[in-house]
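Please read the structure below before turning to the comments.
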2 protein chains.
Amino acid sequence: MSDALSAIERFSRYQSDDARSAESVHCPVRDVLDCIGDKWSILMIMTLATRPQRFSELHRAIRDISKRMLTQTLRDLERDGLVTRNVFPTKPPSVEYYLSPLGQSLLEPMASLIDWADRRYSDIHAARVRFDGAPCDVPR
Amino acid sequence: MSDALSAIERFSRYQSDDARSAESVHCPVRDVLDCIGDKWSILMIMTLATRPQRFSELHRAIRDISKRMLTQTLRDLERDGLVTRNVFPTKPPSVEYYLSPLGQSLLEPMASLIDWADRRYSDIHAARVRFDGAPCDVPR
DNA sequence: TAGGGCAGGTCTCACATAGAGACCTGAGGT
DNA sequence: ACCTCAGGTCTCTATGTGAGACCTGCCCTA
């Protein structure tokens, strides 16, 4: 837990630096969130965690992503060095995506997040039902 | 690391369940990503990690968020039980936001992510420069 | 007593991003 | 001759986001 505190303290130092001097220091957390903080990246990385997969496999695994966003998310992750793209010269050519070592190193911190999601999911759900059920007791 | 593997294996079981039966099983990871996977939530939670803060303090801390999104993000986090809203009847009334116990329990998994961001940030940056520098060696 | 400022928002408009789904290419099956 | 497949791209529309004007009550100052 002291790990958590020190990491967060480091972050808040970046934040205040940022606040103080308009653009000079840039917070790594912001950068990393720009990479994997979008709608599909985390899901993509977790889907690739078990094994390399091809474009259409990924599309089947994440059924509600559009081809356009699938392409774009993979391209961004490739650009950031988290995912590697491999083209096999078959007919028709097949393309395989897999996690680079950098991408794999993200699995451990992400696993603790999954773990949290699993354990706390019901709490969140309950809070939401409660909130939606009693929206009027505190007028805004 | 076996923790990571087991968590990810659990996730992939959800994924394949999802793929098999159209809507019956819903993956908790997807739900949690819907909560905190948007542009501002993680940043908000980390900013609230150090201490409770008022609306305008948060606005100063995260300078590039609009008031509209600040309100909306806080409302969503409150709805999901991660953040608590407290109104003091001063004149004019002041409003304080702080992490609920549920929100605080998220700090630990998030800290490991921050830690990763700090350590690997330069790798990502390097990969990006490399990718942008040589965009033409593999024509798509 | 008129005017201005503050906190904590809401509202409207404009623009950026995401999704749906048609289309493309080149080869192989029937 | 026609259909299918993988791995995309393209266009159009729907949704999300940002900028910034405005609102409400109360206080302070001139």
Side-chain angles (χ1 to χ4, degrees), chain A residues 18 22-23 30 33-44 47-48 51-80 83-98 131 135-136 138-140, chain B residues 18-19 22-23 30 33-44 47-48 52-80 83-98 131 135-136 138-140:
Chain A
D18 251 359
E23 292 295 330
R30 298 288 287 255
L33 284 178
D34 281 348
C35 299
I36 61 165
D38 68 288
K39 195 168 178 182
W40 299 110
S41 293
I42 292 185
L43 220 48
M44 191 73 66
T47 305
L48 285 174
R51 64 171 192 286
Q53 290 186 61
R54 293 171 57 179
F55 188 86
S56 38
E57 281 182 290
L58 288 168
H59 201 185
R60 273 190 294 276
I62 309 178
R63 290 189 328 285
D64 49 348
I65 194 175
S66 64
K67 282 176 160 194
R68 204 176 70 85
M69 289 315 294
L70 182 54
T71 304
Q72 185 178 309
T73 305
L74 286 168
R75 208 72 86 220
D76 289 347
L77 291 175
E78 188 191 0
R79 176 171 181 249
D80 293 334
V83 158
T84 308
R85 181 177 185 266
N86 213 343
V87 183
F88 298 105
T90 55
K91 312 276 173 135
S94 55
V95 181
E96 186 184 77
Y97 294 92
Y98 59 92
F131 189 92
C136 296
V138 180
R140 311 272 176 200
Chain B
D18 252 359
E23 292 294 330
R30 298 288 287 257
L33 284 178
D34 281 348
C35 298
I36 61 166
D38 68 288
K39 194 169 179 183
W40 300 109
S41 292
I42 292 185
L43 220 49
M44 191 71 66
T47 305
L48 285 174
Q53 290 186 62
R54 294 172 54 180
F55 188 87
S56 38
E57 281 182 290
L58 288 169
H59 202 185
R60 273 190 294 276
I62 309 177
R63 288 189 330 285
D64 49 348
I65 194 175
S66 64
K67 282 177 160 194
R68 204 176 73 82
M69 288 314 294
L70 183 54
T71 304
Q72 184 177 309
T73 305
L74 286 168
R75 209 71 87 217
D76 289 347
L77 291 175
E78 189 192 357
R79 176 171 182 251
D80 293 334
V83 158
T84 308
R85 183 177 184 266
N86 213 344
V87 182
F88 297 104
T90 56
K91 312 277 174 143
S94 55
V95 180
E96 187 185 77
Y97 294 91
Y98 59 92
F131 188 93
C136 297
V138 180
R140 311 273 175 198

[X] [atom1] to [N] [atom2], straight-line distance once rounded to whole Å:
{"X": "B:Asn86", "N": "C:dA7", "atom1": "CG", "atom2": "P", "result": "18 Å"}
{"X": "A:Lys39", "N": "D:dT17", "atom1": "NZ", "atom2": "C1'", "result": "14 Å"}
{"X": "A:Glu57", "N": "D:dC5", "atom1": "CD", "atom2": "C1'", "result": "14 Å"}
{"X": "B:Asp34", "N": "D:dG16", "atom1": "CG", "atom2": "P", "result": "11 Å"}
{"X": "B:Leu70", "N": "C:dC11", "atom1": "CG", "atom2": "P", "result": "16 Å"}
{"X": "A:Glu96", "N": "D:dA6", "atom1": "CD", "atom2": "C1'", "result": "14 Å"}
{"X": "A:Leu74", "N": "D:dG8", "atom1": "CG", "atom2": "C1'", "result": "11 Å"}
{"X": "A:Phe55", "N": "D:dT9", "atom1": "CZ", "atom2": "P", "result": "8 Å"}

For the side chain of [X], counting heavy atoms from C-beta on, which of [options] is nearest?
{"X": "A:Arg85", "options": "D:dG7, C:dG8, D:dT9", "answer": "D:dG7"}
{"X": "B:Ser94", "options": "D:dG18, C:dA7, C:dA20", "answer": "C:dA7"}
{"X": "A:Arg68", "options": "D:dG7, C:dG9, D:dC10", "answer": "D:dC10"}

If the cut-off is 4.0 Å, is [X] near the phosphate of [N], judged by side-chain N/O to OP1 or OP2?
{"X": "A:Arg63", "N": "C:dA20", "result": "no"}
{"X": "B:Trp40", "N": "D:dG18", "result": "yes"}
{"X": "B:Tyr97", "N": "C:dG9", "result": "yes"}
{"X": "A:Ser56", "N": "D:dG7", "result": "yes"}

Below 3.5 Å, does any donor atom in the side chain of B:Arg54 face an acceptor in the base of C:dA7, or the other way round?
-> no

Distance in Å, A:Leu74 CG paired with A:Met44 CE, rounded so as to fall on 0.5 Å steps | 4.5 Å

Have B:Asp38 and B:Ser41 got a donor and an acceptor in their side chains that come within less than 3.5 Å?
-> yes

Across the strands shown, which category fits B:Phe88 at heavy-atom distances under 4.0 angstrom: base, sugar-phosphate, nothing?
->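 Touches nothing.
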
Pair A:Arg30 + B:Asp64, salt bridge at N-O below 4.0 Å | yes

On DNA chain C, check which nucleotide each of A:Met69 and A:Pro92 is closest to and give me the residue with the more 5' one.
-> A:Met69

Heavy atoms of B:Glu57 and B:Arg54 approach each other most closely as OE1-N, 2.8 Å

Spell out, as yes or no, whether a donor-acceptor pair under 3.5 Å connects the side chain of B:His59 to the backbone of B:Ile65.
-> yes

